[in-house]
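Atoms within a ligand are numbered from 1 in the order they appear, just like the ligands themselves. None of these values were measured; they are calculated from a predicted model. Basis for what follows: all heavy atoms, side chains included, without hydrogens, waters or symmetry-related copies.
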Amino acid sequence: MQQLQLAIFDLDGVICDTAKYHYLAWKRLAQELGFDFTEKDNERLKGVSRMRSLEILLEVGGLEKTEEEKAKLAEKKNTWYVEYILQMDSSELLPGVLDFLEELKENEVKLALGSASKNARTILQRLGITPLFDAIVDGNLVTKAKPDPEVFTLGAELLGIPPENAVVFEDAQAGIEAALAAGMKVIGVGDPKVLKHAQHVITGFASFRFADLLEILKQE
Ligand code: B16
Ligand code: MG
């Protein structure tokens, strides 16, 4: 990489663990529909849009619904999910992530959010980190879901930064594919066995510093 100008962060699974709240709300919906939804099933929803998540859930339950019914069910789930996220605060930031974001800012790297969630702004607000971001691209702004690169290319475009000078942090396979399709560097956050396509995988930000990132990018 010539020059690191932009770091784009996915939200759920990278900055905070909202997957647990998505799970509670989807499980409640499944129970209301008469079937069980396990944590293993929930893994399939990570990084996936709300509507696609509902379709996967209905597939698990062996149910078919009309578009109108699906819209109502998705809204119901979202109402419950929003109740959970409104209780969040900065204690839910994943270990080390705030220090890492601040370190990037101190080193004049711009920050963008690249999340599939339509609730991303509410979550950033609850976590108290909205002012750190130079651009926020969420599920309300994009028309195509990950693995389409739109959620990441839009962030770079908004800030006038070429994709090759951007690095993406992502926990979901679809997001890693999206970042690669955008022509950006990508660092997987999670398990290297799951995130097979990422050039580098870290377990989190607890012991990952700006110098470590520069070291990785130097090798590219
Ligand atoms: P909402 P990310 C994603 O967030 C979640 O991983 C995924 O489970 C969820 O379905 C999606 O956001 C949409 O969320 O229902 O709030 O619009 O990982 O892209 O930050
Ligand atoms: Mg994610």
Side-chain angles (χ1 to χ4, degrees), residues 7-30 37 39-60 70-88 92-94 97 101 111-127 129-130 133 135-155 168-179 182 186-191 194-195 197-198 201-205:
I8 308 183
F9 288 78
D10 172 53
L11 182 60
D12 175 28
V14 172
I15 292 178
C16 57
D17 176 23
T18 27
K20 62 181 183 222
Y21 300 126
H22 281 296
Y23 176 57
L24 287 174
W26 285 127
K27 196 177 171 69
R28 188 165 161 187
L29 188 70
F37 190 70
E39 262 184 90
K40 192 165 166 260
D41 296 324
N42 193 58
E43 283 302 305
R44 292 175 64 195
L45 310 188
K46 289 191 177 168
V48 172
S49 74
R50 192 182 307 165
M51 260 308 158
R52 183 68 199 121
S53 298
L54 175 66
E55 281 160 12
I56 295 171
L57 181 111
L58 292 174
E59 205 180 286
V60 170
K70 281 198 236 171
K72 281 201 188 123
L73 291 171
E75 201 186 307
K76 197 174 218 185
K77 177 266 170 179
N78 192 55
T79 306
W80 292 329
Y81 176 66
V82 170
E83 278 171 21
Y84 294 126
I85 58 173
L86 286 177
Q87 307 297 317
M88 290 174 81
E92 299 212 32
L93 283 160
L94 287 173
V97 73
L101 291 169
L111 299 183
L113 189 84
S115 166
S117 175
K118 292 188 173 170
N119 297 298
R121 280 184 181 269
T122 309
I123 298 165
L124 291 183
Q125 215 93 47
R126 297 300 315 161
L127 296 171
I129 56 169
T130 311
F133 288 89
I136 296 174
V137 181
D138 63 14
N140 300 297
L141 278 188
V142 295
T143 50
K144 291 170 243 140
K146 299 168 188 176
D148 188 282
E150 189 185 13
V151 66
F152 299 134
T153 46
L154 191 56
V168 173
F169 291 90
E170 245 297 342
D171 75 311
Q173 193 51 46
I176 285 167
E177 282 163 32
V186 62
I187 309 238
V189 181
D191 182 350
V194 180
L195 305 174
H197 296 140
V201 179
I202 59 172
T203 49
F205 298 99

Next on the checklist: When you measure from the side chain of E170 to the backbone of V186, do you find a donor-acceptor pair of N or O atoms at a distance under 3.5 Å?
Outcome noted: no

Checklist entry - Atom CZ of R50 and atom CD of E75: how far apart are they, to the nearest 0.5 Å? => result 9.0 Å

Checklist entry - Can you list, by chain and residue number, every protein residue with a non-hydrogen atom closer than 4.0 Å to ligand 1? => result D10, L11, D12, H22, L45, K46, G47, V48, S49, R50, S53, Y81, S115, A116, S117, K118, N119, K146

Closest approach of [X] to [Y] (non-hydrogen atoms, all atoms of both residues):
X    : Y    : result
A178 : P149 : O-CB, 3.4 Å
D191 : V201 : C-CG1, 4.1 Å
D17  : D12  : C-OD1, 3.9 Å
S53  : W26  : CB-CZ2, 3.4 Å

Item to check | Heavy atoms of other groups near K20 NZ, more than 12 under 6.0 Å | outcome: yes

Checklist outcome for this item: Hits for side-chain contact (heavy atoms from CB on, under 4.5 Å) against T130, two or more places apart or cross-chain, chain-then-number order -> L124, Q125, I136

Checklist entry - Who passes ring pair (Phe, Tyr, Trp, His ring centres under 6.0 Å) against Y81, sequence neighbours left out? => result H22

Checklist entry - Counting no waters, what protein N/O/S atoms lie under 2.8 Å from the Mg ion (ligand 2)? => result D10 OD2, D12 O, D171 OD1

